[in-house]
Amino acid sequence: MESVLERVKGQIVQNIQIAAENARRNGALNFETLPDFVLEVPRDKGHGDFATNIAMLLARQAKMAPRQVAEILNNHFSKEGSSMAKVEIAGPGFINFYLDSKWVYEVLPQIEEQGDKYGDSNAGQGKKVQVEFVSANPTGLLHMGNARGAALGDTMANLMQAAGFDVSREFYINDTGNQIENFGRSLEARYFQLMGQDVPFPEEGYHGQDIIDTVKGLIAADPDQKYLNMDPEARKAEFVEYALAEKLNAIRGNLSQFGVNYDVWFSEKTLHDSGAVSSAIAELRAGDYIYENEGAIWLKTTAFGEEKDEVLVRGNGIPTYFAADIAYHKNKFDRGFQWVINIWGADHHGHVARLKGAVKALGYESDNLDIVLMQLVRLFKGGEIIRMSKRSGEFITLEELIAEVGKDAARYFFVMRSPDSHLDFDMDLAKSQSTDNPVYYIQYAHARICSILRQMEDKGGTLPKAGACDLERLQEPAELELIRKLVDFPTEISAAAVNLEPHRMARYAHELAGLFHSFYNSNRVMVDDEELQKARLVLVKSVRAVVRRALGLLGLTAPESM
RNA sequence: GCGCCUAUAGCUCAGUGGAUAGAGCAACGGACUUCUAAUCCGUGUGUCGGAGGUUCGAGUCCUCCUAGGCGCGCCA
């Protein structure tokens, strides 16, 4: 459904185009092609409801001063049938449009009709999109960086769904390769240590307590001690299988607790087992992107502007992570995704250009692959930075984070900033100042509205229908601003989705809540004037629907009382 | 050395090439007999890191420089 804003803007744009064409036809204005002008909502309310820069863009072609062009256009605007109250030429040549404020009221019946669907658009046109995020090594638990990726990826996916994309969430499981070998050796060493044998622990092994716990569980499940005398390779394979399943379960559980649920869990191992990796390499070889040197197989990444070439298959015959990743992305495109989005930690940025290059070499449009790099999270506790490392086992897990600051606060904090921005997460602050946490501010707006509506029901009232009351009674500045903000919602969602900027929704929700709180403090909803009360009830009900939806898109709960 | 990200108010950060650059926090002063004071109202601060350039118009685009973060492995 077309949003109110789109409809009104479309009307004005059309009016401008017709005016320009008419002016050209009767010789008042000379130009070859209509420039790509903008109709925007001015930052400053004193500049009208909408403004266009067309006169400034036409000035050169028309060989006239911008303000003069604006005058001519203004004389050609059709005033009939539009809600245009005033047109003004301002500054260097802006044309400012002032509309009769009536147009904004349309949004209230629209919200009533669409309910929790209000905000949906068809910006994505059903395009098949995949968002791959977190994809943490399944050898440990999720840390703060993973948590940021989870919040960003899931919110992005939510926004894209609302914006009319066909979205699939995917987790790539790195269940093969060196780190799994290493994982297996660590499990083995812990096993023998727990069985009372004095064996050294691998230096590069996983030192975390969670590994010890895993092995304890393994031993408990093996009363016959069959592992003690098993073939070492077979034993390690069983250990790894057991531990990976357990870790993945834990990861899945933690993410689910964080409100993140995936459509697909994709195993890297299957790419090797199915021959997808070797066939991707064969394809690259056919395209003459491959050569051999010192026993290894290399990809000519220098052809994609990289500093040096990259190894795809090591001298020992084992393909690199990069080789698997190429096969993985080929697989993604072959599954029909028209837009592939990966969310990576900024420490992986060196990998971006060569992956895109490889994708292009395989014949896919590399512009359809977007990699969102999120800057790393620094965790502060007691005023000190906590260095996080999976190997050393010293890190705050997602589980602990949720337990300490709560899912809602954590998700909001991770998403409120642009992915480009470094994130200092102060645990003490998140805990001690939880009362002036922006997330409560937004949720409080929701709870307050619920409270109003509860009281109305207690008095035996019923929610009025938007169509059955005089919405134009809503004339207070606070009311008009609030309604205007509701009008922006669909545009905010699609802009946040298309530009991969989930922080815009965090900001929007906060601003909307602020306008509501402001309204609440200056106006009572339950008033003696029955018509005004009805109109205000419709207003707050609409605000509640949008706040709830915004919270939902951010993955936060919308409490009915606080 | 090369590459990516960042630099905007005291702090943390927003800011689709548009007009007089904004918000939260912090500080100070007010508002509960009234639908939840986890709220509201008021008070002010900027050489948008620096220098050039493109443009009618630059915090925004381009080049160079400076500072910080992160990468540059037959690890992932």
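In what follows, chains are A, B, ... by sequence order, proteins preceding strands, each numbered from 1.
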Options B:rC35, B:rG71, B:rA14, nucleotide nearest the side-chain atoms of A:Tyr520: B:rC35

Please report the distance separating the P of B:rU60 from the corresponding atom of B:rA7, rounded so that it comes out in whole Å. 11 Å

Strand partner of B:rU43, provided both Watson-Crick or wobble distances fall under 3.5 Å: B:rA27

Checking N1-N3 plus N6-O4 or O6-N4 for Watson-Crick, or N1-O2 and O6-N3 for wobble, each under 3.5 Å, the partner of B:rA67 is B:rU6

Could you tell me whether A:Ala495 contacts a base, only the sugar-phosphate backbone, or nothing, with contacts defined as non-hydrogen atoms closer than 4.0 Å? nothing

When the ring centroid of A:Tyr328 is compared with that of A:Phe266, is the distance short of 6.0 Å? yes

Taking a pair to mean Watson-Crick or G-U wobble geometry with both distances below 3.5 Å, B:rU33 pairs with none

Interatomic distance at P, B:rG17 relative to B:rU6, whole Å: 15 Å

Would you mind classifying the nucleic acid contact of A:Arg354 as base, sugar-phosphate or nothing, using non-hydrogen atoms under 4.0 angstrom? base

Where the side chain of A:Leu376 is concerned, which of B:rC70, B:rA37, B:rC4 is the nearest nucleotide? B:rC70

Span that lies between the P atom of B:rU63 and that of B:rG71, in whole angstrom: 25 Å

As a test of the definition: with a 90° window around 0 for syn, would you call B:rC32 syn or anti? syn

Contacts of A:Ala296 and A:Gly91 projected onto RNA chain B by closest heavy atom; the upstream (5') one is A:Gly91

Between atom CD1 in A:Ile297 and atom P in B:rC74, what is the gap in whole Å? 15 Å

So, is A:Lys308 near the phosphate of B:rG73, with a side-chain N or O under 4.0 Å from OP1 or OP2? yes

Tell me whether the OP1 or OP2 atom of B:rA76 has a side-chain N or O from A:Thr320 closer than 4.0 Å. no

Take atom C1' in B:rC65 and the same atom in B:rA38, then report the distance between them in whole Å. 48 Å

Could you tell me how far apart A:Leu39 (CG) and B:rG17 (P) are, to the nearest whole angstrom? 16 Å

Considering just the side-chain nitrogens and oxygens of A:Arg504, establish if one lies under 4.0 Å of OP1 or OP2 belonging to B:rG15. no

What integer number of Å spans the C1' atoms of B:rA58 and B:rC48? 11 Å

When only distance counts, do a donor and an acceptor, one from the side chain of A:Asn96 and one from the base of B:rA19, lie under 3.5 Å apart? yes

Any-strand Watson-Crick or G-U partner of B:rU60, both distances under 3.5 Å: none

At less than 4.0 Å, is any side-chain N or O atom of A:Arg314 found next to OP1 or OP2 of B:rC75? Yes or no. yes

Hey, which of A:Glu476, A:Glu479, A:Glu531 is the one that makes side chain to side chain donor-acceptor pair (under 3.5 Å) with A:Arg536? A:Glu479

We want to know whether A:His422 and A:Arg417 form a side-chain donor-acceptor pair, criterion being a heavy-atom distance below 3.5 angstrom. no

A:His351 NE2 to B:rC72 P, in whole Å, measures 12 Å

By centroid distance (under 5.5 Å) and plane angle (under 30°), are A:His510 and B:rA23 in a stacked arrangement? no

Please pick, from B:rG15, B:rU39, B:rC5, the nucleotide with the shortest atom-to-atom distance to any side-chain atom of A:Asp420. B:rC5

Could you tell me which nucleotide pairs with B:rG1 by Watson-Crick or G-U wobble geometry, both distances under 3.5 Å, or answer none if nothing does? B:rC72

Between A:Glu294 and A:Gln455, name the one whose nearest nucleotide on RNA chain B is closer to the 5' end. A:Gln455

Is any side-chain N of the basic residue among A:Glu511 and A:Arg507 closer than 4.0 Å to the acidic one's carboxylate O? yes

By nearest atom, which of the nucleotides B:rC35, B:rA76, B:rG18 is closest to the A:Ile452 side chain? B:rC35

Determine: side-chain N/O of A:Tyr441 to OP1/OP2 of B:rC40, distance under 4.0 Å, yes or no. yes

Any Lys/Arg nitrogen of A:Glu292 or A:Arg285 sitting under 4.0 Å from an Asp/Glu carboxylate oxygen of the other? yes

Say we look at B:rG50 and B:rU12: how far apart would their C1' atoms be, to the nearest angstrom? 24 Å

Cut-off 3.5 Å, side chains only: do A:Glu88 and A:Tyr98 have a donor facing an acceptor? yes

Kindly say if A:Asn137 contacts the phosphate of B:rA76, meaning a side-chain N or O under 4.0 Å from OP1 or OP2. no

Whether the A:Asn174 and A:Lys269 side chains hold a donor-acceptor pair (N or O, under 3.5 Å, no angle test) is what I'd like checked. no

Determine the interatomic distance between P on B:rC2 and the same-named atom on B:rU8; round to the nearest Å. 25 Å

Ignoring the backbone of A:Ser421, work out which of B:rC13, B:rG18, B:rG1 is nearest its side chain. B:rC13

A:Arg484/A:Asp49 salt bridge by N-O under 4.0 Å criterion: no

Side chain of A:Met56: nearest nucleotide among B:rC56, B:rA76, B:rC5? B:rC56

Could you check which of B:rA37, B:rC56, B:rU34 has an atom nearest any side-chain atom of A:Arg524? B:rU34

Using the benzene-type ring in the case of Trp, are the ring centres of A:Phe201 and A:His207 under 6.0 Å apart? yes

Nearest-neighbour nucleotide for the A:Glu307 side chain, B:rC41, B:rG22, B:rC2 considered: B:rC2

Taking B:rC56, B:rG1, B:rC4 as options, the one with an atom nearest any side-chain atom of A:Leu373 is B:rC4

What interatomic distance, in whole Å, is found between P of B:rC70 and the corresponding atom of B:rG57? 40 Å

Are OP1 or OP2 of B:rC13 and a side-chain N or O of A:Arg417 less than 4.0 angstrom apart? yes

Without decimals, in angstroms, what is the distance between A:Tyr291 OH and B:rC74 C1'? 12 Å

What integer distance in Å separates A:Gln179:CD from B:rC75:C1'? 9 Å

Taking only side-chain N and O atoms of A:His503, does any of them lie within less than 4.0 angstrom of OP1 or OP2 on B:rG15? yes

Can you tell which of B:rG59, B:rC35, B:rC74 lies closest to the side chain of A:Ser451? B:rC35

B:rU54 - base-pair partner by Watson-Crick or wobble geometry, distances under 3.5 Å: none

Between the base of B:rG3 and the side chain of A:His349, is there a donor-acceptor distance below 3.5 Å? yes

